[in-house]
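Heavy atoms only: backbone and side chains are in, while hydrogens, waters and symmetry mates are out.
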Amino acid sequence: LAFRGLAAWLDARRADFPRFYLLSNTQLAHLYALAERPRALVRSIPLMSAIVGPGLSFQTSSSESAAVELIALDSGMAERLKFGRPLQTFGPPHTWLADALEASSKVLAAHVKSALASFDKFLCHDWVFKAPSQAILLVANIKFTEQVETALGAGVIGSGGDGGDSGAAGQDSAAET
């Protein structure tokens with residue numbers, strides 16, 4: 001009975017923050033057990049990476065009961081995207097983790113906007129060093145998609161008149177007659 005009650009409570013937490021579905025019941029219970037001890041929660045960062053990605057940077061004071069703040073999103077490429085303001089980690093983990101995801105989205109969106117604006121102002125080999133790699137990859141994909149859409153709209157590709165497979169099919173049918 002107690003196990004069913006705990007399982008129901010954990011499912012309710014998953015409904016509050018869907019990324020918790022990535023965690024087992026044991027991991028999620030452990031996360032909530034650490035919620036009142038911020039420094040212990042920081043030491044369980046490998047568990048956190050399963051929820052929010054490769055890196056959140058925390059700032060702590062020396063006091064065991066001191067508040068822990070989230071200050072940045074770190075990438076696997078050793079890049080740090082600082083949040084506009086530090087995020088407090090008090091309260092239930094699903095609330096401040098949702099705040100962290102929103103702040104991560106905002107900071108990444110700002111870098112993508114800046115990279116898009118600077119795309120035509122620099123040579124490609126210079127431009128790739130002007131923004132974080134996540135933003136560069138997103139903008140490169142956006143620009144590629146724009147070029148494909150332009151080519152499709154202009155009839156450069158996909159129209160059958162580009163000397164592709166349609167010519168070979170015409171030759172095959174002419175050989176049959």
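Residues Leu123 and Leu116 fall into different hydrophobic clusters, defined by Ile, Leu, Val, Met, Phe, Trp and Tyr side chains chained together at heavy-atom separations under 4.5 Å. Phe83 and Ile71 end up in different hydrophobic clusters when Ile, Leu, Val, Met, Phe, Trp and Tyr side chains are linked at under 4.5 Å. Residue Phe3 is not grouped with residue Leu31 when hydrophobic side chains (ILVMFWY) are merged at heavy-atom distances under 4.5 angstrom, including chains of intermediate members. Linking ILVMFWY side-chain heavy atoms closer than 4.5 Å, directly or via other members, places Ile142 and Ile136 in a single hydrophobic cluster. Criterion: ILVMFWY side-chain heavy atoms under 4.5 Å apart, direct or through other members. Under it, Phe122 and Val112 are part of a common hydrophobic cluster.
Using a 30° and 60° split on the angle between ring planes, Phe20 and Tyr32 fall in the perpendicular class, above 60°.
Atom CZ of Phe119 is separated from atom OG of Ser114 by 13.5 Å, given to the nearest 0.5 angstrom. Between the CD atom in Gln88 and the CG atom in Leu70 there is a gap of 9.0 Å [rounded to 0.5 Å]. Between the CG atom of Leu28 and the CG atom of Leu22 there is a distance of 11.0 Å, given to the nearest 0.5 Å. Rounded to the nearest 0.5 Å, atoms CG (Leu152) and CD (Gln147) are 12.0 Å apart.
Looking only at distances, no side-chain donor or acceptor of Ser118 sits under 3.5 Å from a matching main-chain atom of Lys121. Between the Arg14 side chain and the Leu23 main chain, a donor and an acceptor come within less than 3.5 Å of each other. In this structure, the side chain of Ser105 engages the main chain of Leu101 through a donor-acceptor pair within 3.5 Å.
You'll find the side chain of Lys143 reaches within 4.5 Å of the side chain of Asp120, heavy atoms only. The shortest distance between side-chain heavy atoms of Leu87 and Trp96 does not fall below 4.5 Å. Counting only heavy atoms from C-beta outward, the side chains of Leu108 and Leu81 approach each other to under 4.5 Å. Counting only heavy atoms from C-beta outward, the side chains of Gln27 and Leu10 never approach each other to under 4.5 Å.
Shown here for Ala131 and Ala135, the closest heavy-atom pair between the two residues is CB-CB, 4.3 Å. Here the closest heavy-atom approach between residue Pro132 and residue Glu79 is recorded as CA-OE2, 3.5 Å.
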Worksheet item: Can Val139 and Trp127 be said to form a side chain to side chain contact (heavy atoms under 4.5 Å, CB included), step by step?
Response: CA-CA 11 Å; Val139 170; Trp127 173 76; 3.4 Å; yes

